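Heads up, the thing below is written out as structure tokens.
All figures in this text were calculated on a predicted structure; none of them were measured in a lab. Numbered from 1 within each chain, the chains take letters A, B, ... in sequence-line order.
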2 protein chains.
Amino acid sequence: MDAIRKDIHNSDVPVLCKACEARHRGVCGALSPSQLQSLSKSASRKKLGSGTELMGESLTASSYSNIIGGVVKLVKMLADGRQQIVGLQFAPDFLGRPFKNESALTAEAATDVSVCSFPRPVIEKMMSESPELEHKLLEQTLKELDEARDWMVTLGRKTAAEKVASFLLLIATNSDPENDGESAEFDLPLTRADIADFLGLTIETVSRQLTKLRKEGVIEVRNNRHVSVPHLERLADIAGF
Amino acid sequence: MDAIRKDIHNSDVPVLCKACEARHRGVCGALSPSQLQSLSKSASRKKLGSGTELMGESLTASSYSNIIGGVVKLVKMLADGRQQIVGLQFAPDFLGRPFKNESALTAEAATDVSVCSFPRPVIEKMMSESPELEHKLLEQTLKELDEARDWMVTLGRKTAAEKVASFLLLIATNSDPENDGESAEFDLPLTRADIADFLGLTIETVSRQLTKLRKEGVIEVRNNRHVSVPHLERLADIAGF
DNA sequence: CGTACGGTTGACGAGTGTCAAGGGTAGTGG
DNA sequence: CCACTACCCTTGACACTCGTCAACCGTACG
């Protein structure tokens with residue numbers, strides 16, 4: 001947390017940001033070293049335990065965050081308690097809904113999560129001054145929109161088996177990015193209840209489909225959480241692509 | 001209404017744009033009169049019959065458009081032919097996916113539609129020069145993302161009855177904007193098949209739910225297309241809010 | 001040792017999909 | 001003017017997927 005020690009050469013990029021993924025693939029890539037400097041003054045890194053609420057109707061989203069590690073779920077609830085996960089965010093995604101205070105949406109740490117957060121006003125000022133930042137945000141928003149629409153197909157038109165396979169593929173590509181040739185191996189970041197809420201199913205159906213995949217040899221499972229997929233292509237076939 | 005009269009002869013605004021909704025509520029509102037001038041040189045207005053494909057894997061989306069009137073559906077298809085409508089666009093929405101040529105998405109006129117279209121390169125040049133335009137696009141994209149996520153809840157967690165009621169409410173608020181107090185009356189812009197693809201149901205289920213609403217007196221239907229809703233609140237209750 | 005939590009499995013039933021038949025309306029050609 | 005076809009929609013009978021309810025297992029924790 002010894003934040004802003006700018007080294008003589010190698011530029012004025014704050015130490016905190018040096019190795020940060022958000023600077024390479026995330027929105028901070030849009031910022032100049034001096035902007036990073038001023039931003040990092042009000043930035044704070046936090047580690048949050050699984051289950052922590054990051055943003056919600058209660059705490060009126062007073063900050064924006066970059067996700068440094070872990071998985072965040074975006075949840076919507078109906079009046080009677082039914083809920084649907086409408087998005088998963090991984091590092092280095094940007095968390096927060098610009099230009100709006102409410103959101104009717106809850107963001108919750110699905111796993112332990114570390115974030116780098118900034119006060120709303122600071123980001124908003126910087127956005128109005130830096131078109132590059134807005135451009136990055138537009139790109140991320142378009143990406144999220146594409147993902148949301150892809151998932152709508154899964155929710156609306158796929159069977160339970162296809163849904164579970166689609167979910168496993170999604171996690172595989174996001175947790176095991178280098179290994180995306182033939183096989184994959186990863187820990188599920190979500191409980192069965194979360195998976196059900198993401199897929200529009202019940203816990204029981206998710207469980208049954210997972211054991212079905214296990215018995216068919218498509219996946220292996222250890223400790224209910226660790227999954228390995230010997231042949232990703234078999235999963236993809238089942239997922240319906 | 002007579003907004004941009006800031007100057008000597010207010011007629012720097014192209015005739016075509018004068019009465020255009022896109023200048024008030026759409027993305028063109030971000031443009032100066034001179035930008036509108038240069039844009040309108042390469043703009044073309046078209047009327048398209050219902051069923052026309054506006055953008056798809058085949059015609060590699062060589063243009064962007066503003067919707068002037070009518071309803072456009074955004075469709076995604078699975079390999080085996082199942083399809084899901086992932087969005088409906090009304091005037092004065094902007095149509096087109098910036099920064100990407102493919103899209104894995106088909107845009108099709110659901111009703112007769114009129115659009116104002118522009119060549120891709122012209123818009124992209126103007127976007128890189130005008131932060132206001134990008135800002136408008138960001139706002140529209142965020143709006144679409146919110147709508148997509150709302151719909152994910154409908155797709156994943158609502159029953160057939162709730163889905164159909166939600167759909168009717170959506171159309172009511174988009175087709176009858178002034179009348180949104182107590183009651184509403186409108187023409188459905190979609191066939192039963194389209195509604196089914198939008199709700200993740202079959203034609204038959206949609207039909208059955210509509211007759212159920214009719215028999216319960218929640219809606220009245222004429223010609224299979226014209227719907228009137230005496231008490232919107234009853235619909236909203238059924239929709240699950 | 002008891003309790004809480006997350007997960008699995010089974011029996012059953014409700015909600016939707018599937019398949020099939022038929023009605024209404026518009027357009028076309030005799 | 002009247003078939004004739006095509007399309008959109010409705011309705012019924014039935015099948016099947018998935019949700020509901022309940023019991024049970026394993027692990028972590030006090």
Side-chain angles (χ1 to χ4, degrees), chain A residues 49-51 73 78 80-84 108 110-112 154-168 187-216 219-227 238 240, chain B residues 49-51 73 78 80-84 108 110-112 154-168 187-216 219-227 238 240:
Chain A
S50 151
K73 54 182 181 178
L78 279 88
D80 61 3
R82 283 174 289 178
Q83 52 181 40
Q84 173 72 41
E108 194 181 319
T111 63
D112 290 350
T154 300
L155 289 174
R157 287 305 186 194
K158 290 191 182 173
T159 65
E162 291 170 327
K163 285 180 176 180
V164 171
S166 302
F167 169 73
L168 291 174
D187 282 312
L188 293 176
L190 268 54
T191 65
R192 300 291 187 272
D194 283 338
I195 299 173
D197 283 341
F198 192 35
L199 295 172
L201 297 172
T202 59
I203 301 181
E204 293 92 331
T205 302
V206 172
S207 182
R208 278 188 256 267
Q209 294 300 333
L210 283 173
T211 58
K212 187 160 154 253
L213 287 174
R214 198 155 32 74
K215 286 181 178 165
E216 289 168 345
I219 60 173
E220 289 163 36
V221 182
R222 283 205 332 267
N223 297 333
N224 287 337
R225 282 299 188 113
H226 189 83
V227 176
I238 297 172
Chain B
S50 151
K73 54 181 179 176
L78 273 68
D80 61 3
R82 285 174 288 178
Q83 53 181 39
Q84 173 72 42
E108 194 180 321
T111 63
D112 289 351
T154 300
L155 289 174
R157 286 306 187 194
K158 291 192 181 172
T159 64
E162 292 170 327
K163 284 180 176 182
V164 171
S166 302
F167 169 73
L168 291 174
D187 282 311
L188 293 176
L190 267 54
T191 65
R192 299 292 185 274
D194 283 338
I195 299 174
D197 283 341
F198 191 35
L199 294 172
L201 298 172
T202 59
I203 301 181
E204 293 92 332
T205 301
V206 171
S207 182
R208 279 187 256 266
Q209 294 299 334
L210 283 173
T211 59
K212 187 160 154 252
L213 287 174
R214 198 157 31 73
K215 287 181 179 165
E216 290 167 345
I219 60 173
E220 288 163 36
V221 182
R222 282 204 333 267
N223 296 335
N224 287 337
R225 281 300 189 113
H226 189 83
V227 176
I238 297 172

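Residue B:Asn224 has no polar side-chain atom (N or O) positioned under 4.0 Å from OP1 or OP2 of C:dG24. For the OP1/OP2 pair of D:dC7 and a distance below 4.0 Å, the side-chain nitrogens and oxygens of B:Thr191 include no atom meeting the criterion.
Put simply, the side chain of B:Arg157 gets close to the backbone of A:Leu201: a donor and an acceptor are under 3.5 Å apart.
The CZ-P distance, from A:Arg222 to C:dG7, rounds to 16 Å in whole Å. Atom pair B:Arg82:CZ and C:dT16:C1' shows a separation of 15 Å (rounding to whole Å applied). The separation between A:Glu162 atom CD and D:dT17 atom P is 12 Å, rounded to whole Å. Regarding B:Asp80, its CG atom lies at a distance of 11 Å from the P atom of C:dT18, rounded to whole Å. In this entry the distance linking CD of B:Gln209 with P of D:dC9 reads 16 Å, nearest Å. Atoms NZ (A:Lys212) and P (C:dG10) sit 15 Å apart, rounded to a whole Å.
For the segment residues 192-207 of chain B, the set of residues with a heavy atom within less than 4.0 Å of an atom of DNA chain C comprises B:Gly200, B:Leu201, B:Thr202, B:Glu204, B:Thr205, in numerical order.
Under 3.5 Å, the side chain of A:Arg208 and the base of C:dG10 form at least one donor-acceptor pair of N or O atoms.
Proximity note for B:Arg225 (side chain, C-beta onward) versus D:dT20, D:dC9, D:dT10: the nearest is D:dC9.
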